[in-house]
Amino acid sequence: MPENIPMSERKVDPAASVQRFRRLVTGLDERGRSTFLSDELCPHMQVVADTPTFVATDFWRHEKVPVDNSGPMDDGVMDQVSISPPATGSVCRVVEFPPDSHWDDGGEIRSRMFHSTASLDYAVVLRGEIWAVLDADERKMTAGDVLIQRGTNHFWSNRSESSCVVLFVLIGGTAVRPC
């Protein structure tokens with residue numbers, strides 16, 4: 001896991017303006033019929049860089065494939081969001097990125113945001129715009145754009161004046177460049 005990402009270690013509540021996501025989880029009832037086991041606002045929100053408008057929401061995490069869908073509901077999410085997925089599993093999350101001006105001091109925090117994960121990541125912009133910044137290149141992404149991030153060094157930069165919401169699915173893999 002890239003230890004340099006500045007996840008808030010102290011209790012910082014997400015801002016009221018941050019989108020809360022409803023999470024529905026299916027399973028089987030006592031008669032073996034498909035049903036909803038859970039329908040609630042996802043409880044797993046983690047503030048990044050001590051900035052209440054910069055929030056990661058983890059929906060589900062599993063340790064290995066194939067996934068065992070029998071038994072009671074266990075979302076596998078820990079108390080604190082871990083950036084990387086399990087080596088043989090995956091994680092599904094949404095990150096709400098505020099404008100860089102909310103958190104970026106131009107120095108240490110920005111340099112700590114540059115990272116790679118041992119994973120194959122699918123990043124889908126749901127709302128707003130964001131820059132995917134790599135070592136040698138960068139591209140602006142807008143709602144509907146999909147990035148396939150293959151374990152390379154990167155960071156995200158929201159140069160607009162509005163928040164950006166990105167859905168990520170991270171699948172355990174290899175990093176092509178260590179953090």
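Keep in mind that what you see is a predicted model, and the values were worked out from it rather than measured.
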Mind checking the [atom1]-[atom2] spacing from [X] to [Y]? Nearest 0.5 Å is all I need.
X: Asp58; Y: Cys92; atom1: CG; atom2: SG; value: 8.5 Å
X: Asp121; Y: Leu170; atom1: CG; atom2: CG; value: 3.5 Å
X: Asp75; Y: Cys42; atom1: CG; atom2: SG; value: 7.0 Å
X: His62; Y: Asp68; atom1: NE2; atom2: CG; value: 12.0 Å
X: Lys64; Y: Ser90; atom1: NZ; atom2: OG; value: 14.0 Å
X: Phe155; Y: Arg112; atom1: CZ; atom2: CZ; value: 14.5 Å

same_hphob_cluster([X], [Y]) at 4.5 Å side-chain heavy-atom cutoff:
X: Phe21; Y: Val77; value: no
X: Val18; Y: Leu167; value: no
X: Tyr122; Y: Val95; value: no
X: Met45; Y: Leu41; value: no
X: Val165; Y: Leu147; value: no

Let me see the working for Leu120 and Ile148 under side-chain contact (heavy atoms from CB on, under 4.5 Å), right down to the final yes or no. CA-CA 7 Å; Leu120 173 69; Ile148 311 303; 3.7 Å; yes
Under 3.5 Å, side chain of [X] to main-chain N/O of [Y], donor-acceptor pair present?
X: Ser160; Y: Ser162; value: yes
X: Asp29; Y: Arg31; value: yes
X: Arg93; Y: Ile83; value: yes
X: Thr51; Y: Ala49; value: yes

Any side-chain heavy-atom pair of [X] and [Y] under 4.5 Å:
X: Pro43; Y: Arg23; answer: yes
X: Cys164; Y: Val125; answer: yes
X: Phe168; Y: Val91; answer: no
X: Arg61; Y: His44; answer: no
X: Gln19; Y: Val94; answer: no

In this structure, are over 12 heavy atoms from other groups packed under 6.0 Å from [X] atom [atom1]?
X: Arg139; atom1: CZ; result: no
X: Phe59; atom1: CZ; result: yes
X: Arg159; atom1: CZ; result: yes
X: Glu161; atom1: CD; result: no

Taking all atoms of both residues into account, what is the closest heavy-atom pair of [X] and [Y], and its distance?
X: Pro99; Y: Ser163; result: CD-N, 4.3 Å
X: Ala118; Y: Ser84; result: N-OG, 4.4 Å
X: Asp145; Y: Lys140; result: OD2-O, 4.2 Å
X: Glu96; Y: Ser17; result: OE2-O, 4.1 Å
X: Ser119; Y: Thr117; result: OG-OG1, 2.6 Å
X: Ser157; Y: Val133; result: CB-CG2, 4.1 Å

Please check if any side-chain donor atom of His102 sits under 3.5 Å from a side-chain acceptor atom of Thr53, or the reverse.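 Per modelled atom types, His102 and Thr53 side chains form a pair under 3.5 Å.
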Arg20 and Thr57 side chains, donor-acceptor separation under 3.5 Å: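 Not at all, the side chains of Thr57 and Arg20 share no donor-acceptor pair under 3.5 Å.
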Relative to each other, are the rings of His115 and His154 parallel, tilted or perpendicular (30° and 60° limits)?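 Rings of His115 and His154: tilted, 30 to 60°.
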Given the side-chain rings of Phe54 and Phe97, with only the six-membered ring counted for Trp, is the space between their centroids under 6.0 Å?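 Yes - the distance between ring centres of Phe54 and Phe97 falls below the 6.0 Å cut-off.
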Looking at Arg22 and Asp39, is there a salt bridge between them, counting it only when a charged N and a carboxylate O are closer than 4.0 Å?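 Counted as a salt bridge, because a side-chain N and a carboxylate O are separated by less than 4.0 Å.
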Before accepting this row, confirm whether a basic side-chain N of the pair Arg110/Asp100 lies closer than 4.0 Å to the acidic partner's carboxylate O.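 Result for this pair is yes, salt bridge flagged.
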Yes or no on side-chain contact (heavy atoms from CB on, under 4.5 Å) for Arg33 and Thr35, after CA distance, side-chain angles and deciding distance? CA-CA 6 Å; Arg33 299 176 304 166; Thr35 189; 6.0 Å; no
Verdict with reasoning, Met113 to Val48, per side-chain contact (heavy atoms from CB on, under 4.5 Å): CA-CA 10 Å; Met113 289 296 194; Val48 179; 3.7 Å; yes
The test is side-chain contact (heavy atoms from CB on, under 4.5 Å); show your working for Met141 and Val166 and say whether it passes. CA-CA 10 Å; Met141 297 175 62; Val166 182; over 6 Å; no
